[in-house]
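The analysis underlying the following values was restricted to heavy atoms, covering all of them including side chains, and did not include hydrogens, waters or symmetry mates. Order of appearance sets the numbers: ligands from 1, and atoms from 1 within every ligand.
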Amino acid sequence: MNETEKTQLLGMTPDELAAYLKALGQPAFRAKQVFSWLHQGAAFEQMSNLPKALRETLAETCTANPVAVLETIESKLDGTIKLLYRLPDGHVIEGVLMRYKYGNTLCLSTQVGCRMGCAFCASTLDGCARSLTPAEMLGQIVCANGVLAPQGQKVGNIVLMGSGEPLDNYDNVVKFLRILRMEGGLCIGMRSVSLSTCGLVENMRRFAQEDLPVTLSLSLHAPNDEVRKKLMPVARKYGMDDVLDACRYYIEKTGRRVIFEYALVHGVNADPAQAVELAGRLRGMQCHVNLIPLNSVPERGLTGVTEREVDAFRHALEQKGISVTRRREMGDDIEGACGQLRRRYIKDNNLNCET
Ligand code: SAH
């Protein structure tokens, strides 16, 4: 059977697995066994408590993990590991594994590319080829756990900040999160997950009602609509007032604070007067601002800021009582920023982005 035709078992809930295995004549207790093996990263032949005939049938018709690691690159600066993965249809995606003192955080992709078109982002340069399935999101974690296994470690935190717009792949992301926290599987709780969105208002409101209280990160990048429209096409559809109202709704529903991401772009959004304007917009909100020095993307012609400019912007926000940090840059020597490694791989191997 062709790889793309195989059933992706990793994206099934235990109930769905039970139904699938029942159709193969298996008793109900098999579902729990298979679920546990899949999330441990076992291949079918390693699932030692399953009958041999079942293992063979599954190996012919299903994938245990649709994601395979193509390449890993470790940063000499901070131990950050960049992962390049291959999907069953040949698409290539990337992820970043950040090693903090308190644990390992994996940055996941939710789509192959992105269709949001943000001016500074490398992931969106060739548009979105397709959305990832729940199994392909879980599979990235299973792969990273495999990379960490020799050191007796695992992924503890997840950030949905790789390629793609998670709320543009709503149903699959929600299903992924529901499976992610299940006992007997990866068992990663929603407090250990951050979801970053460019601000798709209807889906933010819908997501607030899912009882999946992850930390919401909102890519704001501007103090007003005029500046936001220069950087983010999505701002033409949703005004900042509506986006901020949806954030307030999320805070109210989940009790979690919202984090605003703000990439400082020289000459566009980095003036201290703009920090003051931003503080005015955020006044009274239970929030935090994360300043990101721009990773310059040569294709886009936008430049980052100096340390002094970051400090001045931060200081202006602090003066207005806004909680703010500057994002640590990790893996600077290994093309840590969104979409850059994948683009280099595709270019070096003369691959077309659509293949
Ligand atoms: N689509 C989602 C998540 C992906 S990007 C979103 O828009 O939030 C994760 C974060 O990295 C976003 O805040 C994004 O705006 C930011 N980002 C993308 N390219 C960047 C660059 N070149 N420099 C700094 N931040 C960047």
Side-chain angles (χ1 to χ4, degrees), residues 93-96 98 105-128 131-132 137 140 158-170 172-173 176-177 193-201 203-204 207 214-222 227-235 237-238 240 243 246-247 250 258-266 268-270 278 287-305 309-310 313 325-332 335-344:
I93 54 167
E94 64 184 85
V96 192
M98 291 158 286
T105 297
L106 183 67
C107 178
L108 286 199
S109 291
T110 54
Q111 295 180 315
V112 181
C114 185
R115 62 190 187 113
M116 296 297 125
C118 297
F120 42 78
C121 184
S123 297
T124 199
L125 289 169
D126 297 299
C128 177
S131 284
L132 299 190
M137 291 180 244
Q140 295 172 57
I158 302 294
V159 295
L160 298 179
M161 293 189 184
S163 293
E165 166 49 47
L167 297 185
D168 187 39
N169 183 14
Y170 190 89
N172 286 342
V173 166
F176 155 75
L177 291 172
V193 178
S194 290
L195 181 148
S196 182
T197 178
C198 63
L200 304 180
V201 168
N203 281 351
M204 285 170 69
F207 188 65
V214 305
T215 300
L216 188 71
S217 287
L218 194 284
S219 295
L220 194 57
H221 305 314
V227 175
R228 200 158 189 261
K229 281 180 197 163
K230 285 187 196 160
L231 296 171
M232 306 176 73
V234 71
K237 183 157 184 203
Y238 303 106
M240 226 170 111
V243 173
C247 290
Y250 191 82
V258 168
I259 294 182
F260 292 107
E261 288 162 279
Y262 198 105
L264 292 163
V265 187
H266 183 77
V268 179
N269 65 1
L278 175 66
C287 68
H288 180 84
V289 174
N290 198 8
L291 297 177
I292 316 171
L294 185 81
N295 275 305
S296 55
V297 179
E299 290 93 331
R300 292 298 201 187
L302 296 172
T303 44
V305 292
E309 285 175 286
V310 180
F313 198 90
T325 43
R326 172 200 196 284
R327 180 156 93 179
R328 260 206 291 157
E329 280 146 298
M330 300 192 74
D332 234 12
E335 298 170 289
C338 305
Q340 291 181 349
L341 178 65
R342 170 173 177 261
R343 290 188 67 73
R344 205 246 316 130

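There is a side-chain donor-acceptor pair under 3.5 Å between Glu165 and Thr197.
Heavy atoms of Leu218 found under 4.0 angstrom from ligand 1: none, in either backbone or side chain. Both the backbone and the side chain of Glu165 come within contact range of ligand 1, each with a heavy atom under 4.0 Å. Using a 4.0 Å cut-off between heavy atoms, Ile292 contacts ligand 1 through its side chain alone, with no backbone atom that close.
Put simply, the side chain of Cys247 reaches to within 4.5 Å of the side chain of Phe260, judged on heavy atoms. At a threshold of 4.5 Å between non-hydrogen side-chain atoms, the residues Leu200 and Val234 count as touching. Looking only at side-chain heavy atoms (C-beta outward), Leu132 and Val112 come within less than 4.5 Å of each other.
When the heavy-atom distances from atom 4 (C) of ligand 1 to Ser196, Ser219, Gly162 are ranked, the shortest goes to Gly162. Nearest residue to atom 9 (C) of ligand 1 from Met161, Gln111, Met116, His221 is Met161 (criterion: closest heavy atom).
Note: no N/O pair closer than 3.5 Å links Leu160 and ligand 1 by distance alone. Every N/O-N/O distance between Cys114 and ligand 1 stays at or above 3.5 Å. An N or O contact shorter than 3.5 Å is missing between Arg327 and ligand 1 by distance.
Close contacts of ligand 1 with Cys198, meaning ligand atoms under 4.0 Å from a residue heavy atom, involve 6 (C), 7 (O), 8 (O). Below 4.0 Å from some heavy atom of Cys121 lie the following atoms of ligand 1, by number and element: 18 (C), 19 (N). Under a 4.0 Å criterion applied to the non-hydrogen atoms of Gly164, ligand 1 contributes the atoms 1 (N), 2 (C), 3 (C), 4 (C). Residue Glu261 has at least one heavy-atom neighbour below 4.0 Å for each of these atoms of ligand 1: 10 (C), 12 (C), 13 (O).
Summarising the local packing, NE2 of His288 is surrounded by more than 12 heavy atoms from other residues, nucleotides or ligands at distances under 6.0 Å.
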What verdict does the side-chain contact (heavy atoms from CB on, under 4.5 Å) test give for Leu278 and Leu220, after you've listed the backbone C-alpha separation in whole Å, the side-chain angles of each residue and the deciding distance to 0.1 Å? CA-CA 10 Å; Leu278 175 66; Leu220 194 57; 3.6 Å; yes
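Across all non-hydrogen atoms, the minimal contact from Pro293 to Arg327 is CD-O, 4.1 Å.
Of the possible donor and acceptor atoms, none in the side chain of Asn269 sits under 3.5 Å from a partner among the backbone N and O of Ala222.
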